[in-house]
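Here the structure is laid out as structure tokens; the discussion comes afterwards.
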Amino acid sequence: MREGRSAVVIFLGPPGAGKGTQAERLAREHDLVKISTGDILRDHVARGTELGERVRPILDAGQLVPDDILIALIRDRLSSMERVRVIFDGFPRTVAQARALDVLLEELAAPIVGVPLLEVPDEELIRRIVERGQASGRSDDNEHVARERQRVYREQTQPLIDYYGGRVRRVDGIGVLDDVYGRIVASVQ
Ligand code: AMP
């Protein structure tokens with residue numbers, strides 16, 4: 001990733017794979033802004049905004065928030081940026097979101113420079129999410145909702161692997177954080 005230029009990394013992978021942690025480091029070390037739609041939505045819930053009240057039950061059930069809400073949110077974020085150097089964590093999650101993002105990136109002349117896909121087996125994902133929930137108190141990090149989020153991922157987000165096709169780089173998400181991070185960096189250069 002050349003410094004200074006527009007660049008967009010789309011980080012794919014199921015809930016619990018560790019995208020948030022890894023995306024944060026990639027952002028820090030490569031002059032990117034991390035955009036986590038889950039964090040943005042949780043912040044609205046915590047602040048009790050109108051949007052937060054609307055999406056709270058959806059997050060708690062492990063379902064996806066409607067595409068138009070996410071697309072408007074991302075459009076706002078990107079158009080307020082002076083230059084678009086971004087890593088997305090948790091967006092896009094549907095083909096409709098991916099299409100809208102393509103249009104937006106075209107308008108902003110910002111190229112997608114990498115699409116890493118972090119892979120972790122299902123049972124390990126559930127274990128990690130339950131553990132994270134115990135530490136953070138996140139209301140959707142329990143086994144029941146975690147299983148629903150995996151189902152939603154398979155049904156609505158996995159088609160993005162075909163959508164991005166040859167640009168997707170599979171990354172083994174098992175191992176110590178540093179090793180996984182190294183594989184991710186290698187996949188976007
Ligand atoms: P995450 O922190 O990425 O696991 O997201 C937590 C929850 O926020 C998800 O289970 C969804 O309810 C909602 N969410 C986050 N990103 C999106 C998105 N791109 N599209 C729809 N819903 C989303």
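Order of appearance sets the numbers: ligands from 1, and atoms from 1 within every ligand. Owing to the predicted nature of the structure, the values given are computational and were not obtained by experimental measurement. The figures here come from the full heavy-atom set of this structure, side chains too, leaving out hydrogens, waters and symmetry mates.
For ligand 1, the polar-atom distance check against Gln63 finds a nitrogen or oxygen pair separated by under 3.5 Å. Checking only distances, Thr37 does come within under 3.5 Å of ligand 1, N or O to N or O. Where the criterion is an N or O separation shorter than 3.5 Å, residue side chain and backbone included, Pro15 fails it with respect to ligand 1.
Looking only at protein heavy atoms, the nearest one to atom 9 (C) of ligand 1 is Arg93 NH2, 3.8 Å. Among protein heavy atoms, atom 7 (C) of ligand 1 sits closest to Leu59 CG, 3.8 Å.
The option from Gln156, Arg56, Arg138, Gln97 that lies nearest to atom 20 (N) of ligand 1, judged by heavy atoms, is Gln97. In this comparison of Arg149, Glu148, Arg42, the heavy atom closest to atom 2 (O) of ligand 1 sits on Arg42. Within the set Val65, Leu41, Val45, the minimum heavy-atom distance to atom 22 (N) of ligand 1 is found for Val65.
For Ala7 against Leu32, the heavy-atom pair with the smallest separation is O-CD2, 4.1 Å.
Counting heavy atoms from C-beta on, the side chains of Arg5 and Val113 never come closer than 4.5 Å. Side-chain contact between Arg93 and Gln156: absent, with no pair of heavy atoms (C-beta onward) separated by less than 4.5 Å.
Scanning for side-chain hydrogen bond (donor to acceptor under 3.5 Å, both in side chains) contacts around Arg77 gives an empty result, with sequence neighbours left out.
Listed by first then second residue, pairs satisfying ring-ring contact (aromatic ring centres under 6.0 Å, His included) with a partner in residues 48-73 number zero, not counting sequence neighbours.
Between Glu50 and Arg54, none of the side-chain N atoms (NZ, or NE/NH1/NH2) sits under 4.0 Å from a carboxylate O, so this pair counts as no salt bridge.
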